[in-house]
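No experiment lies behind these values; they were computed from the predicted model shown. A note on names: the letters A, B, ... follow the listed sequences, proteins ahead of strands, and every chain is numbered from 1.
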Protein chains: 2
Amino acid sequence: MTPRILDEAALQAREEHIIDEAIKLIALLGIENLTMDKVVAKVPYSKGTVYKHFIGKEDLLLAISNRAVKLLSGLFLRAFQFEGCTRERMLLSNFSYLLYAILYPELFQTEICAKAPNVIGKSSEARIKEQEKLEIKLMGAIFGIVEEAIADKSLLLPEYMDIQQLCFANWSMAYGTIALLSGEVEQCSGRTNLIVERELFNQCNLLFDGLQWKPLTKEKKHCSELRKTIEQVYPNELMLIKEKGRELNF
Amino acid sequence: MTPRILDEAALQAREEHIIDEAIKLIALLGIENLTMDKVVAKVPYSKGTVYKHFIGKEDLLLAISNRAVKLLSGLFLRAFQFEGCTRERMLLSNFSYLLYAILYPELFQTEICAKAPNVIGKSSEARIKEQEKLEIKLMGAIFGIVEEAIADKSLLLPEYMDIQQLCFANWSMAYGTIALLSGEVEQCSGRTNLIVERELFNQCNLLFDGLQWKPLTKEKKHCSELRKTIEQVYPNELMLIKEKGRELNF
DNA sequence: CCTTAAAGTGACGAAACGTCACTGACGATT
DNA sequence: AATCGTCAGTGACGTTTCGTCACTTTAAGG
């Protein structure tokens, strides 16, 4: 008869704190060396309390992935809101994905890991629901750009594709490029002199030109223009990358 | 003063046997549930002997990945040797990658895992050297097709790309598509009605058309033609896929 | 100040990793 | 044939990590 009152906000804050520390540990030790014991040691709560928030290691990973998706959503939204042509904004969104992968490799990696059936299978129902909600929001920004492009006739949807397929084509292209080149993969043989930002730019242009997405590359100036746009839309992110000792080669 | 004679072939056979059993375990339990203890239990050798072959779990994973690359090389070679135009053969090689991913999901997954810095870092020098050699061979088949295409003028290399970049563009496109759709990733939201073989076909055509790789899609018939080619070049693989209860939707 | 239900704790058993001191098989030597 | 030296082979063990659960603490209501 004494229903102890829980401070919902404090609980939420504690969860965020645990996630923060876990992310720091991943950045420091690598995702494969993240252990619940280490997280518990980093945090002023006991193991039992941590396990109250996350039913297991996989659930924690999914929570980190959800955090990552939130962050990425913010970047995508800024690309969506940029005042420019649709093709430019689509290119920009792909580059915001790259900025994110460079800036938070540990989040990028965790996001991928968290998609494994194994991880999803061991996560809590609530966390999975949250993930779905976040991903729908993420897709929304991209969907919006494509719809606009079709509406203003700068893009003609091929008769054999729908909007979802087109979005997927763009996503898998960007994902493949970034995943293989942004540092997660140890030097694949012959990977010499492939620079992720340049390859991503090429791939985007190839895809968009293949789709006849106006204005075509020939009509546009070189990538120095993209650089300026990125500086304008993502000044902080560029700064942080510079602080990391990494420089975008354009 | 007693140099015991080692039967090199027997040693090699034992190693292959251990790898076989490990692959079976991955197929059965998932890569995340593969343990050295389970491998040792499956095999008529003691833990110490297994560790003579593989300095640790990661080394075993890389060995499995190398096995996978060998298998894939064989498939690529058949695409290379097919008597058809270069564009057709390039398409075919991407589809052989898909066949492999569908037929041996555990190998596809292990191959990706084995590229993680963590795994490479804990593997033996010899195994890493072997990996490099195998990957160079793998790239060779693809490189060959592109060089031929340039030579016979069906493909004009864009001035801002070299052959390596073009090969990478194709690879990352195929990799991204297959990785995201071939079952490794649990249902991403909105992934409904994306069928990997159809999307891969679309993506290839978009990329090749973007590159102006002749003959362009408009000049060609539909994907039923691709189906026939696959049936001709990879009859066994198609059979095995059918036996798995999976059917290619063309 | 007591009661009580929930929050919080950390010792513990199980599972996996990789090691190392020991065993014994086999070729060389006498 | 007897003996020796070496190294492949063995598996028990120490360590790390996971996730649980029996117990302790906390605080609201009486």
Visitor: Pair B/L62, B/K122 - check side chain to side chain contact (heavy atoms under 4.5 Å, CB included), show working.
Guide: CA-CA 10 Å; B/L62 188 54; B/K122 291 185 182 171; over 6 Å; no
Visitor: With rounding to the nearest 0.5 Å, note down the distance linking CG in B/L61 to CD1 in B/I19.
Guide: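 One finds 11.0 Å between CG of B/L61 and CD1 of B/I19.
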Visitor: Tell me, which of residues 38-54 of chain A have any heavy atom that sits under 4.0 Å from an atom in DNA chain D?
Guide: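 Under 4.0 Å from DNA chain D: A/K38, A/K47, A/Y51.
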Visitor: Taking atom NZ of A/K137 as the centre, does the number of heavy atoms from other residues, nucleotides or ligands within less than 6.0 Å exceed 12?
Guide: no
Visitor: How long is the line joining CG of B/D37 and P of D/dT10, in whole Å?
Guide: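 My rounded result for the distance is 15 Å.
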Visitor: Would you say the side-chain atoms of B/E8 and B/Q12 include a donor-acceptor pair closer than 3.5 Å?
Guide: no
Visitor: More than 12 heavy atoms of other residues, nucleotides or ligands under 6.0 Å from NZ of A/K42: yes or no?
Guide: no
Visitor: Can you list the residues that meet the salt bridge (charged side-chain N to carboxylate O under 4.0 Å, His left out) rule with B/E130, with sequence neighbours excluded?
Guide: B/K70
Visitor: Given D/dG9, is OP1 or OP2 found less than 4.0 Å from the side-chain N or O atoms of B/R14?
Guide: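 B/R14 to D/dG9 OP1/OP2: side-chain N or O found under 4.0 Å.
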Visitor: Is the closest side-chain heavy-atom distance between B/E199 and B/L180 below 4.5 Å?
Guide: no
Visitor: How many Å lie between NZ on A/K122 and P on D/dC18, as a whole number?
Guide: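 That distance rounds to 11 Å.
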Visitor: Between the side chains of A/E32 and B/K57, is the shortest nitrogen-to-carboxylate-oxygen separation below 4.0 Å, so that they form an ion pair?
Guide: no
Visitor: Please list, in numerical order, the residues of residues 55-66 of chain A that have a heavy atom closer than 4.0 Å to any atom of DNA chain C.
Guide: none
